[in-house]
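We count residues from 1, following the sequence as given.
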Amino acid sequence: SDVRAEGKGRRAGNGPLLIPLKLRARRLDGQGDLVEGILRNFALDGVLQLKGQQIVSTPMQVRSDKMRGKLLMLIDLATGRYDFGLDGQISNLLVNGLGVVDLTSKLRAAPRNDGSFGLSGAALAQIRRLDNSFFRSLGGGLPTLRSGLELRPDGQLAFNDLTINA
């Protein structure tokens, strides 16, 4: 809610149309408390370039109350193809029943071969506080988790090559 976007494009000679973008959203409704907490006071700042039928971004700064990162995007308006890359960090994320986690991820969103939405990448989770007594009793300290990530066609998130160190 309370979404605002602004930017005034200009053409650089015979080059692409440059469109500075400043996007703000106070909150994202309807996605649950966890997602709403991560994206509260969302801001995106960068420059889009329109080259023919393609929109290409410079590395755009993404931030919110809990998140910091950079977003790159390519959209082909003629074919509908897209490719987004997000490198980001989420700090002090409270996961009910687990504890407090810092996440670092490198994600890519692009269509799969069948044209459906695809998401893949890698993540690092550093547990800063472990509230779950069962998990706390298993290790010799606060765990760090590393994994590849893939959103499967059935909507399930797969953790590939997951490693846990404590």
Side-chain angles (χ1 to χ4, degrees), residues 1-9 18-50 55-75 80 82-112 116-136 141-160 162 164-166:
S1 66
D2 193 20
V3 177
R4 296 179 312 275
E6 61 184 67
K8 186 175 181 181
L18 302 177
I19 308 163
L21 177 63
K22 181 178 180 180
L23 176 71
R24 304 287 183 268
R26 192 167 45 88
R27 69 176 200 248
L28 179 65
D29 296 328
Q31 300 302 311
D33 292 341
L34 183 65
V35 173
E36 289 177 19
I38 293 169
L39 296 178
R40 186 173 296 115
N41 295 315
F42 178 82
L44 174 69
D45 293 293
V47 176
L48 302 175
Q49 300 175 38
L50 178 61
I55 298 173
V56 179
S57 75
T58 59
M60 297 190 291
Q61 297 296 318
V62 177
R63 64 188 179 284
S64 70
D65 286 356
K66 296 263 182 201
M67 181 177 65
R68 298 281 180 268
K70 291 187 180 181
L71 173 70
L72 283 167
M73 59 185 242
L74 168 67
I75 302 170
Y82 58 89
D83 199 332
F84 293 88
L86 175 64
D87 292 350
Q89 300 83 38
I90 299 172
S91 300
N92 297 313
L93 178 64
L94 176 61
V95 180
N96 288 331
L98 181 65
V100 176
V101 180
D102 288 345
L103 294 173
T104 301
S105 64
K106 184 173 188 142
L107 302 173
R108 180 177 182 221
R112 290 190 182 88
S116 64
F117 178 76
L119 182 68
S120 61
L124 168 70
Q126 296 176 292
I127 309 296
R128 298 294 177 205
R129 187 183 83 213
L130 196 52
D131 297 340
N132 185 296
S133 61
F134 172 74
F135 289 131
R136 196 170 42 241
L142 295 174
T144 298
L145 296 85
R146 293 179 192 273
S147 182
L149 302 172
E150 179 185 2
L151 183 62
R152 295 182 178 161
D154 64 3
Q156 297 293 315
L157 184 62
F159 294 90
N160 303 317
L162 175 66
I164 302 172
N165 297 309

**Q** Closest approach of P20 and K8, non-hydrogen atoms and distance?
**A**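 Looking at all heavy atoms of both residues, the shortest contact is CD-O, 3.2 Å.
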**Q** Quick one: does any side-chain atom of S147 pair with a main-chain N or O of N160 as donor and acceptor, under 3.5 Å?
**A**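 Confirmed, S147 side chain pairs with N160 backbone.
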**Q** To check you understand the geometry: which heavy-atom pair defines the closest contact between K66 and G37, and what is its length?
**A**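 For K66 versus G37, the nearest heavy atoms are CG-O, 3.6 Å.
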**Q** Using distance only, find each side-chain donor-acceptor pair of residues 86-105 under 3.5 Å and give its atom names and separation, not counting sequence neighbours.
**A**
from	atom 1	to	atom 2	distance (Å)
D102	OD1	N92	N	2.8
D102	OD2	R128	NE	2.8

**Q** Please lay out, stage by stage, how L48 and M60 fare under the test side chain to side chain contact (heavy atoms under 4.5 Å, CB included).
**A** CA-CA 9 Å; L48 302 175; M60 297 190 291; 4.0 Å; yes
**Q** Between F134 and N132, which heavy-atom pair has the shortest distance, and what is it?
**A**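 Scanning both residues completely, I find the closest heavy atoms to be N-OD1, 3.0 Å.
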**Q** Could I get the full list of side-chain contact (heavy atoms from CB on, under 4.5 Å) partners for L119, not counting sequence neighbours?
**A**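 In terms of side-chain contact (heavy atoms from CB on, under 4.5 Å), with neighbours along the sequence ignored, L119 is linked to L107, A109, F117, L151.
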**Q** Do you know the tightest heavy-atom contact between P111 and Y82?
**A**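 Heavy atoms of P111 and Y82 come nearest at CD-O, 3.1 Å.
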**Q** Kindly check if the number of other-residue, nucleotide or ligand heavy atoms within 6.0 Å of CZ (R136) is above 12?
**A**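 Yes, enclosed.
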**Q** What verdict does the salt bridge (Lys or Arg N to Asp or Glu O under 4.0 Å) test give for R63 and D45, after you've listed the backbone C-alpha separation in whole Å, the side-chain angles of each residue and the deciding distance to 0.1 Å?
**A** CA-CA 9 Å; R63 64 188 179 284; D45 293 293; 2.9 Å; yes
**Q** Check the pair R26 / N41 against side chain to side chain contact (heavy atoms under 4.5 Å, CB included), numbers first and verdict last.
**A** CA-CA 4 Å; R26 192 167 45 88; N41 295 315; 3.9 Å; yes
**Q** Kindly give the heavy-atom pair with the smallest separation between D131 and R129, and that separation in Å.
**A**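 For D131 versus R129, the nearest heavy atoms are OD1-NE, 2.8 Å.
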**Q** Would you say R112 has more than 12 foreign heavy atoms packed within less than 6.0 Å of its CZ?
**A**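 Atom CZ in R112 is packed in, count exceeds 12.
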